[in-house]
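First up is the structure itself, then whatever we jot down about it.
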There are 2 protein chains.
Amino acid sequence: MSKSTTRVVSALKRAGGFASAQEVHQLMVRQGDRIGLTTIYRALQNLLDENVVDLLRRDGGEAIYRLCGEEHHHHLRCKRCGKTVEISDRAIEKWAREVAGEYGFRDVGHTAEFFGTCSEC
Amino acid sequence: MSKSTTRVVSALKRAGGFASAQEVHQLMVRQGDRIGLTTIYRALQNLLDENVVDLLRRDGGEAIYRLCGEEHHHHLRCKRCGKTVEISDRAIEKWAREVAGEYGFRDVGHTAEFFGTCSEC
DNA sequence: ATTGTTGCAAACCATTTGCATACGT
DNA sequence: ACGTATGCAAATGGTTTGCAACAAT
């Protein structure tokens with residue numbers, strides 16, 4: 001694993017959940033880590049090949065990555081003011097496993113986003 | 001619903017399962033239906049807005065569409081072979097409302113995708 | 001010296017948009 | 001005549017690739 005690939009892993013750790021290649025890049029550059037976008041894409045490709053990260057897609061089709069086995073949370077965002085809170089995903093995780101099991105699926109993961117109107121709006 | 005939108009629906013019926021915009025276009029043109037790719041994209045966008053079609057993504061990120069029922073549901077997709085089943089969303093809907101309520105949110109909606117490994121893979 | 005790593009710029013490809021033409025009422 | 005629908009060509013945006021400079025063994 002090359003040096004920059006290691007740096008990408010640690011950036012993903014810092015990001016905490018899902019992040020796109022471009023977001024990883026911004027995060028690293030903002031923290032003074034000089035690296036090219038191309039290198040990030042190549043590092044993420046390697047990490048995929050080695051099953052170190054999972055690849056998912058956002059609604060627009062953009063690829064997002066996260067370290068395998070990492071716990072994650074979801075966001076509940078207000079459509080009006082943009083206020084966002086993190087919510088635990090224990091319940092949905094359990095539910096997903098149950099439902100998936102009914103269809104014979106294993107190793108079940110998910111992406112989810114919640115949005116509504118907050119109390120102040 | 002415009003005339004070309006109707007033609008796109010019938011092409012999707014003919015396609016039978018999932019098809020990308022480009023595939024729908026080829027299918028129509030091959031069968032003598034003169035239509036531009038742009039119009040297909042616009043028709044599919046309308047059909048999405050009216051919940052007539054489902055949008056999913058192939059591994060490369062390419063959008064694929066299929067006709068669907070009107071009920072709100074989610075997809076459980078195999079990471080290896082791409083097999084996809086629709087799952088009811090009653091449970092997650094209820095759960096989302098409960099959790100959101102704890103934070104004072106109203107009118108809660110969500111997006112969710114589930115993925116895993118199916119029994120044959 | 002050889003091999004692998006990096007990053008800029010250009011290429012790629014699915015999708016979207018600007019705009020001028022053609023259609024429906 | 002008016003608003004809408006259409007499609008070509010150009011723009012967009014995420015991702016990949018060609019290539020030359022660079023580092024490591």
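Everything quoted here is computed from the prediction, not taken from an experiment. Convention: sequence-line order gives letters A, B, ...; per-chain numbering from 1.
- Contacts of B:S20 with the nucleic acid, taken as non-hydrogen atoms under 4.0 Å apart, are absent.
- Close to C:dG7, at under 4.0 Å from its OP1 or OP2, lies a side-chain N or O of A:T39.
- If you measure from atom CD of B:Q22 to atom P of C:dC12, you get 16 Å, rounded to the nearest angstrom.
- Interface remark: the B:R42 side chain does form a donor-acceptor pair with the D:dG7 base, using a distance-only criterion of under 3.5 Å.
- If you check the side chains of B:R42 and B:T38, you find no donor sitting under 3.5 Å from an acceptor.
- Rounded to a whole Å, the OH atom of B:Y65 is 12 Å from the P atom of C:dA14.
- Considering only the side chain of A:T38, C:dG7 comes nearest among C:dT15, C:dG7, D:dT6.
- Summarising the geometry, the separation between CG on B:L37 and P on C:dT16 is reported as 10 Å, rounded to the nearest angstrom.
- The side chain of A:Y41 places an N or O atom within less than 4.0 Å of a non-bridging phosphate oxygen (OP1 or OP2) of D:dT15.
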Going through the checks in order, is the side chain to side chain contact (heavy atoms under 4.5 Å, CB included) test met by B:M1 and B:V52? CA-CA 11 Å; B:M1 185 150 77; B:V52 178; 5.7 Å; no
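- Across the protein-nucleic acid pair, B:L47 atom CG and D:dA5 atom P stand 13 Å apart, rounded to whole Å.
- One can place CD1 of A:I40 at 14 Å from P of D:dG14, the figure rounded to the nearest angstrom.
- Note: A:H110 NE2 to B:F115 CZ = 8.0 Å, rounded to the nearest 0.5 Å.
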B:Y65 vs B:L47, test: side chain to side chain contact (heavy atoms under 4.5 Å, CB included). Steps then yes/no. CA-CA 10 Å; B:Y65 307 82; B:L47 293 169; over 6 Å; no
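- Between the CG atom of A:L48 and the P atom of D:dT15 there is a distance of 12 Å, rounded to whole Å.
- When each of D:dG7, C:dG7, D:dG14 is scored by its nearest atom to the side-chain atoms of A:E62, the top-ranked nucleotide is D:dG14.
- Across the protein-nucleic acid pair, B:L44 atom CG and D:dA5 atom P stand 16 Å apart, rounded to whole Å.
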Test B:M28 against B:V8 for side chain to side chain contact (heavy atoms under 4.5 Å, CB included), laying out the working first. CA-CA 8 Å; B:M28 295 179 75; B:V8 167; 4.2 Å; yes
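- Nucleic acid contact for B:R34: sugar-phosphate only, since backbone atoms but no base atoms lie under 4.0 Å from a heavy atom of the residue.
- The CD-C1' distance, from A:Q45 to C:dT5, rounds to 16 Å in whole Å.
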